[in-house]
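Within every chain, numbering begins at 1; the chains are lettered A, B, ... in the order of the sequence lines, protein sequences first and strands thereafter.
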Amino acid sequence: MSASRTDCSLTSRVLGVRRDELSHALRSHAAGCVHCTRELDALDAVIARTRDDGSRPLAADRSERLRARVLESARRAPRASPSHWRPIAAAFGIAAVVAVSVSVGRGTREEPQAAIEPVARTTQSIAPPRASMHGTVRASAGAHFTRVSEEPDEIVRLLEGSITVSVTPLGAGERFRVIVGDAEVEVRGTAFDVSATGDHLSAVDVFHGRVEVRVEGREPILLEAGERWARADEESPVHEAIVTTPRTRERSHSDPTVSEPDTLATAPLAPAWTAASGFEVGWNALAAGDAASAATAFGEVVTRAPRDPLAEDASFWRGVALARAGRSSDARDALDAFVHGYPSSPRTNEAAVMLGWLLVDEGEIDRARAMFTRGTRDPSERVRASAERGLAALAPP
Amino acid sequence: MSTARVVRLHRTGNTGPVHLGDEALVAACGVGDPAALGALYDRHHEAVARFVSRLSGAGTDDVDDLVHDTFLAAYSAAPRFRGGSAVRTWLLGIASNVVRHSVRSHGRRASLANAFQRVAPVPVATPDEGASTSELRAAVARAIDALPHDLRAVFVLCDLEELPCAEVAQALRVPEGTVFRRRHEARRALRESLGAVR
């Protein structure tokens with residue numbers, strides 16, 4: 001059955017689109033149109049069929065064999081430097097209040113300390129050591145942490161909750177660190193408290209000995225007994241979290257001076273406009289041959305969400321849509337804006353070649369030649385071929 | 001941290017259970033903790049296996065190879081994970097590259113139609129119904145197999161794994177608009193080739 005053989009002029013606009021992705025106006029139309037409904041149902045059926053591929057969960061023995069093989073290969077694989085791991089941890093952004101208590105024990109090396117084990121917090125006895133590590137970690141109920149490396153560079157990653165660490169004296173070249181999202185605290189033969197908020201270090205109090213505090217993006221600080229380091233209020237990660245919430249981002253992209261399209265302004269219960277939904281409307285319109293509507297939709301993305309990642313694509317496709325709509329002057333301006341606004345885009349050369357052809361039509365030969373020349377460097381054979389044709393067309397007879 | 005994402009890290013041995021989220025497991029992988037890799041495997045290997053099977057059309061042995069290569073690549077790439085997408089999406093993005101590389105370097109990809117032959121039949125009510133199901137699956141497999149890798153990857157991630165386009169874009173490292181376009185082209189191609197499927 002041909003997908004485009006219908007008696008409804010709008011059916012071509014729903015091809016390849018699912019119901020929940022349609023604009024509100026088109027969805028309203030489709031609800032009462034037998035042809036569009038048939039097409040939407042057909043796509044749903046196709047997707048349902050592709051999901052029903054008869055696959056089954058892996059058998060338990062096969063899964064276990066594969067697991068063992070993966071782990072064996074991992075043990076043999078060379079590792080990257082552990083120094084890469086701090087910025088990774090900083091990306092977690094866990095909203096929690098963390099308090100760490102680390103105390104340095106004076107035990108001997110002949111009594112190796114236990115491996116990490118979350119237990120109820122206690123300030124009294126320490127459980128018998130069970131593994132050849134320097135540190136014994138005790139955690140309060142609900143604490144989330146793990147030992148991520150062993151000696152000589154032992155690292156405990158604390159995500160949430162409270163832990164108490166007892167560390168035996170370290171030998172030459174040996175280290176013991178507790179790492180929070182944006183900082184690390186390294187043992188220097190002492191006892192201290194560490195506090196963190198939202199996976200960011202907020203305070204360190206040193207009781208005796210010395211502690212080195214290394215906060216991402218800052219010089220290390222060495223604290224002596226009785227000293228305290230605290231993050232200033234204006235640097236509070238909580239404050240940072242508030243200003244980067246999605247709701248705030250979305251609001252910052254909105255321009256209240258831009259009116260809603262008629263189809264959305266008059267439609268009841270219209271879904272909120274987003275850059276993605278706007279781009280989808282533009283793309284669907286362009287795919288359906290409605291270039292003018294596509295140009296409007298893409299332009300709306302560019303105007304209302306200029307910092308959204310989709311703005312780059314929308315800017316390019318707006319130029320394409322305007323050219324297809326026969327609005328050459330507007331297309332030239334749009335493509336010119338794209339070429340200069342996104343000089344490093346993968347589509348810049350393609351846009352330059354399209355702009356070149358529009359400039360040829362307007363008699364701007366020198367600018368056209370510059371655009372075509374730019375296109376000859378594009379990795380796409382199609383773009384290069386068009387650019388070469390343009391240069392050949394400009395060559396004197 | 002969402003408690004729904006908490007897992008048991010150490011399954012056996014002297015150490016007690018340690019509960020971590022996906023991102024923390026990747027961080028632990030980044031500093032060379034195989035136990036964290038095991039926990040990641042336990043949580044995501046089914047999804048990875050299903051994804052590489054759909055994407056590559058490979059048989060059991062090749063699927064196992066691809067899953068193995070995916071987790072090993074993830075273990076190596078863990079230090080560079082920045083949390084830009086969910087860990088599962090990140091893994092599927094790695095798997096997509098593993099499959100692409102496999103296809104290019106070894107020519108290992110069997111056709112989905114062949115893979116279909118190795119899939120255990122689903123219980124059916126009647127022999128006729130079974131034949132119909134088999135024919136439909138073969139047709140679907142051929143149609144997906146005919147898609148270029150980029151379109152197939154986006155279709156599988158968006159429409160079969162039901163991941164948001166924004167996450168798919170991050171996983172595949174392409175602009176979001178490119179994901180929209182590929183998804184649209186893939187759907188139209190499948191709709192054309194499977195127009196009579198019901």
Side-chain angles (χ1 to χ4, degrees), chain A residues 1-3 15-17 42-43 45-47 49-51 53-58 62-63 66-67 69-71 73-75 77 79-80 82 84-85 87-89 91-94 96 115-118 130-131 144-146 148-149 155 157 159-160 276 279-280 283 287 309-310 312-314 317, chain B residues 1 9 14-16 18-21 23-24 26-28 30-34 36-38 41 45-46 49-50 53-54 64 67-68 71-72 75-76 79-83 119-122 136-137 140 144 159-160 165-166 175-178 180-181 184 187-188 190-192 194-198:
Chain A
M1 180 178 80
S2 168
L15 296 178
V17 186
L43 181 60
V46 165
I47 292 174
R49 279 293 175 198
T50 52
R51 285 178 182 162
D53 58 2
S55 59
R56 303 277 186 83
L58 271 61
R62 177 184 166 197
S63 175
L66 184 52
R67 186 181 197 278
R69 186 178 153 207
V70 167
L71 295 185
S73 297
R75 287 189 185 93
R79 296 301 309 165
H84 292 301
W85 105 289
I88 303 165
F92 292 171
I94 296 165
I116 298 169
E117 180 181 16
R130 291 190 303 170
H144 295 158
F145 68 96
T146 188
V148 295
S149 67
I155 296 174
R157 175 66 168 103
L159 296 161
E160 185 177 357
F279 188 93
E280 187 97 44
W283 181 257
L310 278 172
E312 177 181 328
D313 277 343
W317 288 108
Chain B
M1 173 186 290
L9 175 58
N14 291 333
T15 54
V18 177
H19 297 85
L20 289 175
E23 293 87 351
V26 175
V31 292
D33 187 346
L37 181 64
Y41 174 91
H45 76 281
E46 287 284 3
R50 185 179 63 237
S53 177
R54 283 170 160 167
D64 287 358
V67 172
H68 168 271
F71 278 99
L72 209 57
Y75 193 57
S76 298
R80 298 188 296 277
F81 179 69
R82 293 291 179 271
V119 173
V122 172
L136 280 172
R137 284 201 183 130
V140 168
I144 295 179
D159 283 331
L160 305 190
C165 284
E176 214 173 320
T178 301
F180 279 120
R181 178 173 55 79
H184 190 268
R187 285 175 176 177
R188 291 195 65 162
L190 289 173
R191 173 71 184 93
E192 287 290 334
L194 297 170
V197 170
R198 285 291 185 274

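Closest non-hydrogen pair, B/Leu72 versus A/Ala74, comes out as CD1-N, 3.5 Å. The two residues B/Phe180 and A/Trp283 come nearest to each other via the heavy atoms O-NE1, 4.3 Å. B/Thr178 and A/Asp313 make their closest contact through N-OD2, 3.5 Å (heavy atoms, listed as atom of the first residue, atom of the second, distance).
Distance check: B/Glu176 CD to A/Glu312 CD gives 12.0 Å after rounding to the nearest 0.5 Å.
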Working note: A/Leu66 + B/Phe71, criterion side-chain contact (heavy atoms from CB on, under 4.5 Å); need CA distance, chi angles, decisive distance, verdict.
CA-CA 11 Å; A/Leu66 184 52; B/Phe71 278 99; over 6 Å; no

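When heavy atoms are compared at a cutoff of 4.5 Å, A/Ala314 does not approach chain B at all. Of the atoms belonging to B/Tyr41, it is side-chain heavy atoms, and not backbone ones, that fall under 4.5 Å from chain A.
Shown here are the side chain to side chain donor-acceptor pair (under 3.5 Å) partners of B/His68, two or more places apart in sequence or in another chain: A/Ser73. For B/Arg187, the side chain to side chain donor-acceptor pair (under 3.5 Å) partners are A/Glu21, B/Asp159, not counting sequence neighbours.
For the pair B/Tyr75 (side chain) and A/Leu71 (backbone), a donor-acceptor distance under 3.5 Å is absent.
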